[in-house]
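In what follows, every chain begins at residue 1, and chains take the letters A, B, ... in the order their sequences are listed. Since we're looking at a predicted model, the values are computed, not measured.
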Amino acid sequence: MKRHAFVPIVAAVATLACIPLIVHSNAVLNFLVTTLLLTLAGQGWNVLGGYGGQYSFGHAAFFGTGAYATAILQLRYGLNAWPAFAAGIAAGAGVGAVIGALTFPSGLRGSYFALVTLAFAEVLRIVASVAPVTGAGTGLLIKLDLGAHAIQFQSRAGFYWLILALVAGALVITRLIEQSRFGAWLVAVRENEDAARALGVDPTRVKLGAITISAAMAAAAGCFYAQYFLFVDASIAYGPWISVEALLAPIIGGAGTVFGPLFGALMIKTLGEAAKLVTGDVPGLDLVLYGAVLILVVGLAPRGVAGIGARFRVWLVPQKPREAA
Amino acid sequence: VHLSILLPAIVNGVLNGALYALIALGLTLIYGVLHIINFAHGTLLTAALFAAFFMHQMLGLDPYLAVFILTPAFFVVGYALQRFIIGPASHGNDGNILLVTLGLAVIIENALLFAFRGDTRTIDVAYGFAVVPIAGMFISVPRLVGFGGAVAVALLLWWLLSLTDTGKAIRAVAKEKLGAELTGIDVAHIYAVTFGLGTACVAIAACLLIPTYYVNPYVGNAFVLIAFTTVVLGGMGSIAGALLGGLFVGLVESLCGLYLGESLGQIGIFLMFILVLLFRPNGLLGERA
């Protein structure tokens, strides 16, 4: 294991951690919190989609399960927010494992996998919008109980450091996967499943592991969402918006790279804010821009913004001349 | 449940199913030839519904007449989308095509939201609530027209694919792309024509749907999974499969709605969809994977 591989993560997280000490504007911190929230969900998508090549269109299933589990455990069972948060992550990972166990053994991949994940998220959305335990159509309001013990920080900075810690954890986990044997298997499955199987890799098991970790990260984002806004309903938790944004961030930033989701989330959210500045808060315009950027990135820079950087490096650093055969 | 409730539910399900079949027809055609799942299909339906709505609102054009304008217009839209955006941007890579059509879906849906807000709109036509008594049941006239239209389009498509030169070229490209290219068929053009035909199907469906339905920026989403289910049920790329699949899905929805309540009617469709994908991904009529 290369130790210096973690230096960029430590540096990035340390830099980000200092921001609330300098900046006190609530608007700026709010922007950064939502960006990191998206980074976390995007990192989840990245583990499965970026490294494993399994494009999910339904990460809302995990995000929403995390959000609802956190809220329901606190509201209906009086659980403290911290264990509820952890249980939310576990519940999301469980849903991921179940969906994986249902889909991967039957050989679903490519567009079929994307379709079936989308369908799972929709089923959960419809169920959540009618079931009494999820508050049906009205949603769930978490009771106000300010204080760190209930994960309801007085200041934005508290939330900011919490989501930053979660993102830091996700970055480290992703780097660990990248450097592990499991990560090598995962990439092998992405590149050529049949060849990987011929070499003794069990694609189903590898993908199952990836979807569970992936779902846990997306669920953590959902748990955080519930605590930050103290409100969950079916179209927020299981709505298509989070499935789309969780996929946009890594694709735009660079799928299959550790920092791709962070870059992507920063770009998307900046673009969204810029659009709001120009037109005011009209719904729809930010997503139109996201869609356009998605197509542009896929068309012009298939490896994301990080890929453009890599290409520049190839131009800038002169290649060693090949030795004559 | 008494037969006098069950029978109309079955008939209504089948009539609705015909429109699902029409939407699915476009999807399956595109899949059969380009081998891509077009995630923008549902939002193109939304766009067509809006177009039909405004044709009626601004020009006073009846949707059944607007169909003759919107069908060629959406053919051109579909042709251009495939030729100038999806084709070039995806570099022939499956994952990219998935993302590009998803991006298009996001753009179209939100552009409509941006332009027209989230309001739900309906049109008022004299025959909107007209019924005819058949075998003791009152059958909605617009739904009967929709059924007839769907069947007519299916026949037309069948004729186009099996008896015209363009149809032969489409089938050649679907079977063997490289071979077709070698005989001088312009594959990029045929791809775009196919995509245009699929999009035209959606325009026809929209005109048949709007007299009894409503339109808002999200309305296509309700149909997109239904269309996917239909296509998967009938076997990806099979026209007869899409027709049968559509009727079946309509029936299941109607009966689930009857037994489980309106809001859960769609659950039956999604569960069926997941089950079929898991156990018979090649469709009920297709070969086993």
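Shown here are the ring-ring contact (aromatic ring centres under 6.0 Å, His included) partners of B:Y79, two or more places apart in sequence or in another chain: B:H189.
Contact count versus chain B (heavy atoms, under 4.5 Å) is highest, among A:L287, A:L294, A:T103, for A:L287. The residue among A:L247, A:L289, A:D286, A:V293 with the most heavy atom pairs within less than 4.5 Å of chain B is A:L247. Of the listed residues B:V100, B:L99, B:V106, the one with more heavy-atom pairs under 4.5 angstrom with chain A than any other is B:L99.
Residue B:I85 touches chain A through its side chain alone, counting heavy-atom pairs closer than 4.5 Å. At a 4.5 Å heavy-atom cutoff, A:Y290 makes no contact with chain B through either its backbone or its side chain. For a residue to count as touching a neighbouring chain, one of its non-hydrogen atoms must lie under 4.5 Å from one of that chain's; by this rule A:L296 does not touch chain B. A:V244 touches chain B through its side chain: at least one heavy atom from C-beta onward sits under 4.5 Å away, while N, CA, C and O do not.
With hydrogens and angles disregarded, no donor-acceptor distance shorter than 3.5 Å links the side chain of B:N110 to the backbone of B:L113. Judged by distance alone, with hydrogens and angles left aside, the side-chain atoms of A:E193 form no donor-acceptor pair with the main-chain N or O of A:A188 at under 3.5 Å.
Only one option out of A:F62, A:Y238, A:Y68 pairs with A:L124 in a side-chain contact (heavy atoms from CB on, under 4.5 Å); it is A:Y238.
Between B:F54 and B:F116, the ring-plane angle classifies as tilted under the 30° and 60° cut-offs. Ring geometry, B:H35 versus B:Y31: the interplanar angle exceeds 60°, so the pair is classed perpendicular (tilted spans 30 to 60°).
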